[in-house]
2 protein chains.
Amino acid sequence: MWQDQTRCDQGGMAVLCAASEQIRTFTRTAQQIRAGTVILQDGDEFDKVVLVVDGWLSSSKSFEDGELQIIDFILPGDILYATNGDGMTVGLTLEAITDARVSIVPVSTWRTMLMASPDLARAVGRIRAAAQARTSERLLRLGKGSAPTRIAFAILELSLRLRSLGHDMEETFHLPLTQKAIGDYTGLSSVHVCRTMRRLVRHNILETSDHIDIRILDLAALSEIAGIDLERLEQEIAPTAA
Amino acid sequence: MWQDQTRCDQGGMAVLCAASEQIRTFTRTAQQIRAGTVILQDGDEFDKVVLVVDGWLSSSKSFEDGELQIIDFILPGDILYATNGDGMTVGLTLEAITDARVSIVPVSTWRTMLMASPDLARAVGRIRAAAQARTSERLLRLGKGSAPTRIAFAILELSLRLRSLGHDMEETFHLPLTQKAIGDYTGLSSVHVCRTMRRLVRHNILETSDHIDIRILDLAALSEIAGIDLERLEQEIAPTAA
DNA sequence: CGATGAGTTGACGTTTGTCAAGGCCGGTGG
DNA sequence: CCACCGGCCTTGACAAACGTCAACTCATCG
């Protein structure tokens, strides 16, 4: 079981809490969600803002034939604006990957909070900018990247995000994901994810234990395969305090 | 040459103008950009907001080897928040596809405007939500869609966006794009774009003239190939007045 | 102890990219 | 006016990447 729970006083959550006392209230009154629960279905009516306090969520979309694509993983301190351009419905399925705690805030409340605290508004702006930058990087790799590129990038992206939540990058880190989930995130079949990860292990770039506890052995090589400059990526996708 | 210029009193631009007198000022003082001009380079320092008044822009990212992915087309009435999570640099290359007119607004001015006009803030929220919904749909198709699915979707997405700018869907519409650009948008090679579009033409789903003036003959078939319900897609990606 | 679900590996088929050649069109310079 | 050139589209032949199917292992759980 995944017990290395991230704490709400770190990463994006810390930025938010620093910016607004009211956010801290939300972290206390957040609702518990059990792993596997579907919180929102693509097409539902919903116009609120979702604040993740703890745990991993995924937003996804799928075709009618069942083919599913994970749009993003949503980690503690992230904010999900899932509502469509019509302002009434959502275009994403939101699911808890691990046990999680989320606050669901009506837009009117949210807007009032942003108006009341310019610091909070700036912090939220940074968090949204970071999410958008991540999405752009991923679009590039889904469109033009090979399987190794996509997987290396996913691993580095998630390890950076975990690091900003207080994990150490030198250590082995655990992703609460199956290979199928990684495939749904990278647009690959689970079989090909397996093959590609085995190859990275054989080349002494990664080490795995329990199939999905990952330790990066050769960060430079992995970054090159991912097609990134690690420091630049961190600037892009890690929201900094305003 | 592309002369069917969209006008700033339609679509998203109309929504914005209705919400704020100040926006109308920006549309008058916008700067002219010539087709082909690179406005921003991935990595530049830049923390302003770009408002498109007229013409087509593209935002893109690329690998060091030159492989390029168009992240989004930016049409009149769209707003580009290109700044990264660090609040200082941009993670996108912004280029004018056609002659264009854009306003570049400092974030402080922009924030002040949003604070001053709740209507504007709501309209901007809708426009951002629509852009995000479009991106999610495209992520799904880049990850799990076949070439025909991606191309059919791109055509329908763009035709919907043009329609909300006042074009008629029954008519032939012109995309100011080469097949290479469509490939960069859909993550395909230009050769495969060509093949796939020829096949759609042979099946009497599309008709083309001048290679890229498109008329949709069988909207139902195209929607099915794209994997969408046309009405639902319009709800998602067309910002409605708040 | 069987059942289930995840990972692993091999064989094979399909989709898509790459390379190459040719055609069409608009522009440019003699 | 014409020859030439460069882009872009088109098509075919071939190669590479990735998905699918199937079988096996292993750990977990009831």
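Letters A, B, ... mirror the listed sequences (proteins, then strands); counts begin at 1.
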Have A:T208 and A:R198 got a donor and an acceptor in their side chains that come within less than 3.5 Å?
yes

Looking at D:dG7, I'd like to know if its phosphate oxygens (OP1 or OP2) sit under 4.0 Å from a side-chain N or O belonging to B:Q179.
no

Which of A:L94, A:V102, A:I104 passes side-chain contact (heavy atoms from CB on, under 4.5 Å) with A:L80? It is A:L94

How would you label the contact of B:G183 with the nucleic acid (heavy atoms, under 4.0 Å): base, sugar-phosphate, or nothing?
nothing

Of the listed nucleotides (C:dG10, D:dC18, D:dT11), which one gets closest to any side-chain atom of B:R195?
D:dT11

Touch check for B:S146, heavy atoms < 4.0 angstrom, all strands: base, sugar-phosphate only, or nothing?
sugar-phosphate

Mind calculating the distance between CZ (B:R202) and P (D:dT10) to the nearest angstrom?
11 Å

As a check of understanding: the bend across the helix from C:dC1-D:dG30 to C:dG30-D:dC1, end axes from five pairs, rounded to 10 degrees, works out to 30°

Round to the nearest Å and state the distance from B:M197 atom CE to D:dT11 atom C1'.
16 Å

Rounded to whole Å, CG of B:L177 lies from P of D:dG7 at a distance of 19 Å

For B:A30, all residues meeting side-chain contact (heavy atoms from CB on, under 4.5 Å), sequence neighbours excluded
B:V53, B:R101, B:S103

Roughly, in whole Å, what's the span from NE2 in B:H211 to C1' in D:dT10?
9 Å

Interatomic distance, B:D210 CG vs C:dG26 P [rounded to whole Å]:
8 Å

Under 4.0 Å, counting only non-hydrogen atoms across every strand here, what does A:T178 touch: a base, just sugar-phosphate, or nothing?
sugar-phosphate

Look at all strands and tell whether B:R198 reaches a base, only sugar-phosphate, or nothing, counting heavy atoms closer than 4.0 Å.
sugar-phosphate

Go through D:dG12, C:dG7, D:dC18 for me and flag the one nearest to the A:P148 side chain.
D:dC18

Selected nucleotide, minimal atom distance to A:V191 side chain, candidates C:dG7, D:dC8, C:dT9:
C:dT9

Heavy-atom pair of closest approach, residues B:A147 and B:T196
CB-OG1, 4.0 Å

Any chance the side chains of A:S59 and A:D72 put a donor and an acceptor closer than 3.5 Å?
no

Taken to the nearest whole Å, NE2/A:H192 to P/C:dT14 is 18 Å

With respect to A:I74, which candidate in A:V52, A:L51, A:V50 satisfies the side-chain contact (heavy atoms from CB on, under 4.5 Å) definition?
A:V52

With a non-hydrogen cut-off below 4.0 angstrom, is A:L188 in contact with a base, only sugar-phosphate, or nothing?
sugar-phosphate

Hey, are B:D42 and B:T93 close enough side-chain-wise for a donor-acceptor pair under 3.5 Å?
no

Is it true that the NZ or CZ of A:R128 lies under 6.0 Å from the centre of B:Y81's six-membered ring and within 45 degrees of the ring axis?
no

Atom CG of B:L200 and atom C1' of D:dT10: how far apart are they, to the nearest Å?
15 Å

For B:G145, report the nucleic acid contact type (base, sugar-phosphate, nothing); a contact means any heavy atom under 4.0 Å.
nothing

What integer distance in Å separates B:R150:CZ from C:dT15:C1'?
10 Å

